[in-house]
Protein chains: 2
Amino acid sequence: MDFSIGELSRETGVKVPTIRYYEKEGLLEAPLRTEGNQRRYRHSDLERLRFIRHCRDLGLPMPAVRDLIELSQHPDKPCAEADLIAVEQLKAVRQRITHLQRLESELTRIADSCQGDHTVTECNVLRAFADHGLCKDDH
Amino acid sequence: MDFSIGELSRETGVKVPTIRYYEKEGLLEAPLRTEGNQRRYRHSDLERLRFIRHCRDLGLPMPAVRDLIELSQHPDKPCAEADLIAVEQLKAVRQRITHLQRLESELTRIADSCQGDHTVTECNVLRAFADHGLCKDDH
DNA sequence: TCTAATTCCTATAGCGACTAGAGCTTCAAG
DNA sequence: CTTGAAGCTCTAGTCGCTATAGGAATTAGA
């Protein structure tokens, strides 16, 4: 019926200290304790933790997760805010992709400039790392 | 002839505390000091700092930067190691791009599932955040 | 029922790469 | 010579965990 923290951890793949950390940060409610002061979780805690984990896997920062949880506790509110969080995160992810693609093209150029067959003094890799002026775009 | 730390900062765009931090971490050599204990840098420090900055902008972790600096001080060594660092970083960047692209497609799906026109109870965004089972691939 | 192995508890510190602030000293311009 | 900007050191905070220490509770097997 109830889970220990270790069982919850096994069910969700979230490490034990991380679960305690989420509790401290207010993402998970503090569960009931046994007489010996150990945490005992219910099924609803399991669902909540899976929710948190999935949000985190999707890259949401903890404050956004907190907002979503808060929101989900007011079933009659309009869900525009949840929508907004998803859209914002999507925007952030797209920005990061663009940035990384610029890096990729720079690094490709840098790595291609050298086959590792000469000495450091004449190494184009080191030159390229030294000099931003050689880059095609800003990063 | 010599720069103060503020001038070095303005020249490179690296913040003053960050310069001191790089010194503490051994990326920059400790410069000479004035009688009043203030740092005075030379042109070679400027070049070194630009090198560091550029590496960091390209996403190299500090240990990799340290390795490159170490390397650049042995001009007769073969530069295979520098090449390797560039290639490894490239590989890491490509992995991150792949990962983010998966997130992007999930988030697109999630964000599209809702126009923000209903209440929380029936919100597909919240449902999608709750349930990894709805996702097409792992992330 | 006893014991031993495992799991649990709290509290604290560490990671990477900075950034911010307090409280004080030195420098440079007028 | 004064004044205000810029420098100094030291400490703590950021984010999202993760690791460790030292002890208490639980559980499985004999």
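FYI, side chains are in, hydrogens and waters are out, and symmetry mates aren't considered; it's all heavy atoms of this structure. Naming convention: chains lettered A, B, ... in sequence-line order (proteins, then strands); numbering from 1 in each chain.
In this structure, the CD1 atom of A:Ile19 is 14 Å from the P atom of D:dA19, given to the nearest Å. Between A:Arg20 atom CZ and C:dA13 atom C1' there is a gap of 16 Å when expressed in whole angstrom units. In this entry the distance linking CD of B:Glu25 with P of C:dT19 reads 14 Å, nearest Å. Rounding to whole angstrom units, CD1 of residue A:Ile52 and P of D:dG16 are separated by 13 Å. The distance from atom NZ of A:Lys15 to atom C1' of C:dC15 is 14 Å, rounded to the nearest whole Å. Taking atom CG on A:Asn37 and atom P on D:dA24, their separation rounds to 13 Å, with Å as the unit. Following rounding to the nearest Å, B:Asp2 (CG) and C:dC27 (P) show an atom-to-atom distance of 14 Å. Spacing between atom OH of A:Tyr21 and atom P of D:dT14 amounts to 10 Å, rounded to whole angstrom units.
A sub-4.0 Å separation between OP1 or OP2 of D:dT9 and a side-chain N or O of B:Arg33 is present. In terms of phosphate contacts, B:Ser4 brings no side-chain nitrogen or oxygen within less than 4.0 Å of OP1 or OP2 of C:dC27. Dashed line: the shortest gap from a side-chain N or O of B:Arg39 to OP1 or OP2 of D:dC8 is under 4.0 Å. Contact annotation: A:Thr18 reaches the phosphate of D:dT18 (side-chain N/O to OP1 or OP2, under 4.0 Å).
Counting any heavy atom pair closer than 4.0 Å across all strands shown, A:Arg56 reaches sugar-phosphate atoms only and no base atom.
Inter-residue side-chain proximity for B:Ile110 and A:Leu58 is flagged as met; some heavy-atom pair is nearer than 4.5 Å. In this structure, the side chains of A:Arg33 and A:Gln38 stay at 4.5 Å or more apart for every pair of heavy atoms.
Between A:Arg39 and the choices A:Glu23, A:Glu29, A:Glu7, the salt bridge (Lys or Arg N to Asp or Glu O under 4.0 Å) rule is met once, by A:Glu23.
With distances taken from any side-chain atom of A:Ile5 to the nucleotides D:dG16, C:dC9, D:dT9, the minimum falls on C:dC9. Comparing atom distances between the B:Arg40 side chain and each of D:dT18, C:dA28, D:dT27 picks out C:dA28 as nearest.
For A:Tyr22 and B:Arg10, each mapped to the nucleotide of DNA chain D holding its nearest heavy atom, the one lying further toward the 5' end belongs to B:Arg10. Between B:Met62 and B:Gln38, the residue anchored nearer the 5' end of DNA chain C, judged by the nucleotide with its closest heavy atom, is B:Met62. Nearer to the 5' terminus of DNA chain D, by closest-nucleotide assignment, is the contact made by A:Pro17 (compared with the other of A:Pro17 and A:Glu35).
Classified by interplanar angle (parallel below 30°, tilted 30° to 60°, perpendicular above 60°), the ring pair A:His43/A:Phe3 is tilted.
Taking a cutoff of 4.0 Å between a charged side-chain nitrogen and a carboxylate oxygen, B:Arg109 and B:Glu106 qualify as a salt bridge.
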